[in-house]
Amino acid sequence: MISRLILWALRSGWGLAAAVMACNIAGLGVILTELWLAGFLGRLGPNWLMVLAPVAVYPTIGALIGIALAVRDRTHYFGWLDQRRRPTEREARRLLTLPIAITARALAIWIPGVIIAAALFAHATAERDFLVVLAMFVFGGLESAAVTYLVVDRLIRPTIPTVAAVTGGTTHWSSTVLVRVLVTFAVTGAVPLLMLITVLADPVSDPSDRIRTGIYLAVVGLSAGAVATAALARAVATPMHTLREALDRIARGDLDVQVPIGSASEVGRLEHSVNEMAANLRERERMRTLFGRHVGTEVAERALAGGAALTGDMRVVTALFVDVTGSVALSTELAPGEFVAKLNRLLSIVVAATEDNHGLVNKFEGDAALCIFGAPIALSDNATPALRAARRIRDAVAAGGELDVGIGLARGLVFAGDIGADTRLEFTVIGDAVNEAARLTTEAKRVQRRILASQAVIDAAAADERAHWALYETILLRGRKQPTHCWTDGAATGSAVSTPVVPEAELLDPKSQVVQ
């Protein structure tokens, strides 16, 4: 019911004026009822209506002025709403000042009327108790103004989400929680108690009139207190509950959180901040995902955790190098788009096999890929997953039948870290193992099983993985002084390898094959 009245007041041209006048009439009614219960009207004699007639002139004029200004305020503050458009930033910020502006104007209209009415009433009584009447009217005016503030503040609340979308952090000093609490205290406690003190301090009042007035003011204070306190508690507790649920969702990793902004107080600012935090976390997660697609998830996590000043360290890793056979000829025979499509399907196989075995695809080099096992995340055994990944890549590529590859694996001590400048860094691995893997890849293209692994990789692998591998031959790779004992997975399918196992004594024979 209240929500419907609020929406009507926002949409109707007379809604704001009706709300403001209702608050002022309620304040005037409280004053007149108090005067009647306190026996003050009885002191005016039988012609009390004749006394009230001139007193009512100013309230009538003030009411007409208030109505005219409220109708004008409707256009001034809510013109954008009538035009069904978003407010400008100036219009949005101006709307936030509406409660305090109307409250201040209500007080300005009440003050002259209070003085005039108190003077007329005091003149019409024999006691000439001007201060008592003035206090009653002053406190009644304050009560009316405070209620006006609370009502108008509640009236504009449905527009706050739209205003917040324009102004961002929707805050205004006149709508802070502190101001609301103080105004609520004035409505529910301070003003009714001050009015009661005024009645009790009147020496002319009859004791029975004082009792009736005290009961009346207590009922007014309790009723207004219950309504205002409940409204204030709900205005704070409801968004706090929503914020708590939103933060719980964010803590669980659900970043698709959008809290409706329904207040121009610190609560509204907090709601805005939670939305900003969720948006920043979503952007961070998007950058993490995008960054991870380019450099690998582990490297992305390392960069985001360490900031810009990244370093490296020495690691024993297993390097896996994959290169396409005959890529030059393929690139000339196929259209660029078709060749790239084939290459992307190959590289997706490489990425899946590497990441499933806890490795890192460090970089793509044209039609080749360098994969690292053991950096940046250390592995207790980095040789075994590298060998498994190599066999999986070879089998998947062979099953696809689109391309042919060579795969080389080597193991050794490398630098694993960042190189580059302050403005551009790249995580990489530098060391002999990487060069050896690249050389083995070239030789692997001529091997039936298309894989060659160095002796160091086989020695470091688990026993069940070594069972899949057999010594192929000893090769002096280009640019190296010592021959490399090359292994292939001839035992993977039970087939015989092209070269028998060479006895240990012959492994160091200088007559072994030399590759230039």
With side chains defined as the heavy atoms from C-beta onward, is the minimum distance between [X] and [Y] less than 4.5 Å?
| X | Y | answer |
| --- | --- | --- |
| Leu360 | Cys371 | no |
| Ser454 | Leu440 | yes |
| Trp80 | Thr88 | no |
| Val147 | Leu150 | no |
| Trp469 | Val457 | no |
| Leu247 | Val274 | yes |
| Leu452 | Leu409 | no |
| Leu343 | Leu330 | no |

Non-hydrogen atoms of [X] and [Y] that approach each other most closely:
| X | Y | answer |
| --- | --- | --- |
| Val429 | Ala416 | CG1-CB, 3.8 Å |
| Leu347 | Ala369 | CD2-CB, 4.3 Å |
| Val151 | Cys23 | CG2-SG, 3.6 Å |
| Ile451 | Arg394 | CD1-NH1, 3.5 Å |
| Val152 | Pro99 | CG1-CA, 3.7 Å |

Is there a donor-acceptor pair closer than 3.5 Å between any side-chain N or O of [X] and the backbone N or O of [Y]?
| X | Y | result |
| --- | --- | --- |
| Arg85 | Gly79 | no |
| Thr441 | Phe321 | yes |
| Arg315 | Pro376 | yes |
| Tyr149 | Val179 | no |
| Thr159 | Ile156 | yes |
| Thr238 | Ala235 | no |
| Glu266 | Thr176 | no |

At what distance, to the nearest 0.5 angstrom, does [atom1] of [X] lie from [atom2] of [Y]?
| X | Y | atom1 | atom2 | answer |
| --- | --- | --- | --- | --- |
| Phe373 | His358 | CZ | NE2 | 10.0 Å |
| Leu346 | Ile393 | CG | CD1 | 8.0 Å |
| Gln482 | Thr474 | CD | OG1 | 12.0 Å |
| Arg282 | Ile250 | CZ | CD1 | 8.5 Å |
| Asp381 | Thr384 | CG | OG1 | 3.5 Å |
| Ser174 | Arg180 | OG | CZ | 9.0 Å |

Using a distance-only test with no angle check, is there a side-chain donor-acceptor pair under 3.5 angstrom linking Asn382 and Thr318? yes
Just checking, is any N or O donor in the side chain of Asn275 or Glu271 under 3.5 Å from an acceptor N or O on the other one? no
What pairs of residues pass the side-chain hydrogen bond (donor to acceptor under 3.5 Å, both in side chains) test when at least one of them lies in residues 396-406, not counting sequence neighbours? Arg345-Glu402, Asp404-Arg450
For [X], what residues pass the side-chain hydrogen bond (donor to acceptor under 3.5 Å, both in side chains) criterion, not counting sequence neighbours?
| X | answer |
| --- | --- |
| Asp73 | Arg105 |
| Lys363 | Thr428 |
| Arg392 | Asp356 |

For Arg86, the salt bridge (Lys or Arg N to Asp or Glu O under 4.0 Å) test, sequence neighbours excluded, returns none
Set of salt bridge (Lys or Arg N to Asp or Glu O under 4.0 Å) partners for Arg249, sequence neighbours left out: Asp254
Tell me whether Arg391 is salt-bridged to Glu465, with the criterion being a basic N under 4.0 Å from an acidic carboxylate O. yes
With a 4.0 Å cut-off, would you call Arg84 and Asp82 a salt bridge? no
Pair Leu95, Phe78 - check side chain to side chain contact (heavy atoms under 4.5 Å, CB included), show working. CA-CA 8 Å; Leu95 179 63; Phe78 295 100; 3.6 Å; yes
Would you check, one step at a time, whether the test side chain to side chain contact (heavy atoms under 4.5 Å, CB included) holds for Asp323 with Val405? CA-CA 5 Å; Asp323 193 16; Val405 298; over 6 Å; no
Paired with Asp432, the salt bridge (charged side-chain N to carboxylate O under 4.0 Å, His left out) test is passed by just one of Arg480, Arg411, Arg439, namely Arg480
